[in-house]
Amino acid sequence: MTLVAERMADVKEIIEVVVAHQQRATLRVGDVFLKIDTDQARIDVEVEAMAMVPLPTPEVLWRKPPVLAIAAVPGIALGRLGEPSTSSPAAWAAAGAAVRMLHDAPLPPWPGRSLDEITSELDQECELLVTNGILPADLVTRNRQVAEAALRPWTPAFIHGDLQICHVFLEGDKVTGVIDWSEASQGDALYDLATLTLGHEEHLDALVAGYGRDVDLDVIRGWWSIRSLLAIRWLVEHGYDPSLPGCEVDVLKARM
């Protein structure tokens, strides 16, 4: 704690509110990130997963519930949802190779969400999206059809569970850190690949080349639809705009 206090002693203000809503918030103070979460089980998973995975992850500086302090990782994010990724094909391939290392690692001891749970939530969410007038019925119906390809039994892998493009950091073509592990679990490996390329379909070939294993592209597309359908209402209710260019609504429209 003494070293951390010294690192933060000269900081006069919060530099960035990374994310903030009723369930959790992340603040950047100097080169330290403070994660505040109402659900300590998520923080438990994050800390345990980072200790297990064969990838570079943030250093845990201290933990005093409900706050977890972690160090920033070097490098820059692979990209951002809704913005073109300027990362090279070699960088995307390096990300793919890192994800393959994760998926080949021994499984975590805690399970992930079951196929039945995901299917039930998806059907409920599709109904709410239409009933509440959030999305047109034809857009929801078409993407629910596309989603069916992903709703099949899978061999469990160690997955990140929320492998957004902004969670992978690189220096040049080397992965320097993967952050935000609170959703890590056993699950479908292709879900991670789909999450990483959501809104960036043009980089899927380079990612898969680095991953080094054949993948079913229909399953990837199915997960794109599932993740978008499940996220949109939550995003709207928490003040985010999923209809911005390149974001979740555009992902769904691309399947029409």
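Counting from 1, the numbers follow the sequence of the chain as shown. Just so we're clear, the structure is a prediction, and the values are computed from it rather than from any experiment.
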Salt bridge check: are Arg152 and Asp188 linked by an N-O gap of less than 4.0 Å?
yes

Step by step, work out the salt bridge (charged side-chain N to carboxylate O under 4.0 Å, His left out) result for Arg63 and Asp44.
CA-CA 10 Å; Arg63 181 182 180 186; Asp44 291 341; 2.6 Å; yes

Using atom types as modelled and distance alone, determine if a side-chain donor or acceptor of Glu201 lies under 3.5 Å from a backbone N or O of Leu198.
no

Check whether Arg100 reaches the backbone of Gly212 with its side chain - one donor and one acceptor, N or O, closer than 3.5 Å.
yes

Roughly how far apart are Lys64 NZ and Trp62 CH2, rounded to 0.5 Å?
8.0 Å

Side chain to side chain, Leu196 and Leu78, heavy atoms closer than 4.5 Å
yes

Quick check: do Trp181 and Val53 have side-chain heavy atoms less than 4.5 Å from each other?
yes

Under 3.5 Å, which donor-acceptor pairs do the side chains of residues 133-142 form with other protein atoms, sequence neighbours left out?
from, atom 1, to, atom 2, distance (Å)
Thr141, OG1, Ala137, O, 2.9
Arg142, NE, Arg255, O, 3.0

Checking Glu117 side chain against Ser114 main chain: does a donor-acceptor pair fall under 3.5 Å?
yes

I'd like to know if the side chain of Thr195 and the backbone of Tyr191 have a donor-acceptor N/O pair within less than 3.5 Å.
yes

When rounded to the nearest 0.5 Å, the distance separating OG of Ser228 from CD of Glu125 is 12.0 Å

Between Asp241 and Ser243, is there a side-chain donor-acceptor contact under 3.5 Å, judged purely by atom types and distance?
yes

Would you sort out whether Ile43 and Val67 count as a side-chain contact (heavy atoms from CB on, under 4.5 Å), showing the intermediate values?
CA-CA 9 Å; Ile43 297 296; Val67 182; over 6 Å; no

Should we say atom CD of Glu202 is surrounded by more than 12 heavy atoms from elsewhere, each under 6.0 Å from it?
yes

From CG (Leu68) to CD1 (Ile36), nearest 0.5 Å
10.5 Å

Would you tell me whether Thr197 and Trp92 have side-chain atoms, one donor and one acceptor, within less than 3.5 Å of each other?
no

Can you list the steps and then say if Leu204 with Ile220 is a side-chain contact (heavy atoms from CB on, under 4.5 Å)?
CA-CA 9 Å; Leu204 180 59; Ile220 296 286; 4.2 Å; yes

Dump the intermediate steps for side-chain contact (heavy atoms from CB on, under 4.5 Å) on Ser225 and Arg144, then the final yes or no.
CA-CA 7 Å; Ser225 291; Arg144 180 59 182 83; over 6 Å; no

To the nearest 0.5 Å, what is the distance between CG (Asp104) and CZ (Arg213)?
5.0 Å

Within-4.5 Å side-chain heavy-atom neighbours: Trp154 and Leu115:
yes

Stepwise side-chain contact (heavy atoms from CB on, under 4.5 Å) test for Arg24 and Thr38:
CA-CA 6 Å; Arg24 69 185 79 171; Thr38 59; over 6 Å; no

If you define the side chain from C-beta out and look only at heavy atoms, does anything of Lys174 sit under 4.5 Å from Pro74?
no

Set of residues satisfying ring-ring contact (aromatic ring centres under 6.0 Å, His included) with respect to His200, sequence neighbours excluded:
none

Applying side chain to side chain donor-acceptor pair (under 3.5 Å) to Asp37 and Ser182, what does each step give before you reach the verdict?
CA-CA 10 Å; Asp37 201 314; Ser182 62; 5.5 Å; no

Starting at CD of Gln124, measure out to OG1 of Thr119 and round the result to the nearest 0.5 Å.
11.0 Å

Below 4.5 Å, heavy atoms only, C-beta onward: do Trp224 and Asn143 meet side chain to side chain?
no

Assess the side chains of Asp192 and His160: does a donor N or O sit below 3.5 Å from an acceptor N or O?
no

Polar contact flag, side-chain donor to acceptor under 3.5 angstrom, Asp162-Gln164:
yes

Side-chain heavy atoms of Glu183 within contact of Arg42, under 4.5 Å:
yes

Compare all side-chain heavy atoms of Pro56 with those of Thr176 and state whether any distance is below 4.5 angstrom.
no

Working for salt bridge (charged side-chain N to carboxylate O under 4.0 Å, His left out), residues Arg227 and Glu248
CA-CA 8 Å; Arg227 184 171 176 96; Glu248 286 82 1; 6.0 Å; no

Does Leu193 reach the side chain of Tyr211, with side-chain heavy atoms less than 4.5 Å apart?
yes

If only atom types and distance count, is the side chain of His238 paired as donor or acceptor with the main-chain N or O of Trp234 below 3.5 Å?
yes

Clusters formed by hydrophobic residues whose side-chain heavy atoms approach within less than 4.5 Å: which one holds Ile76, and what are its other members?
none

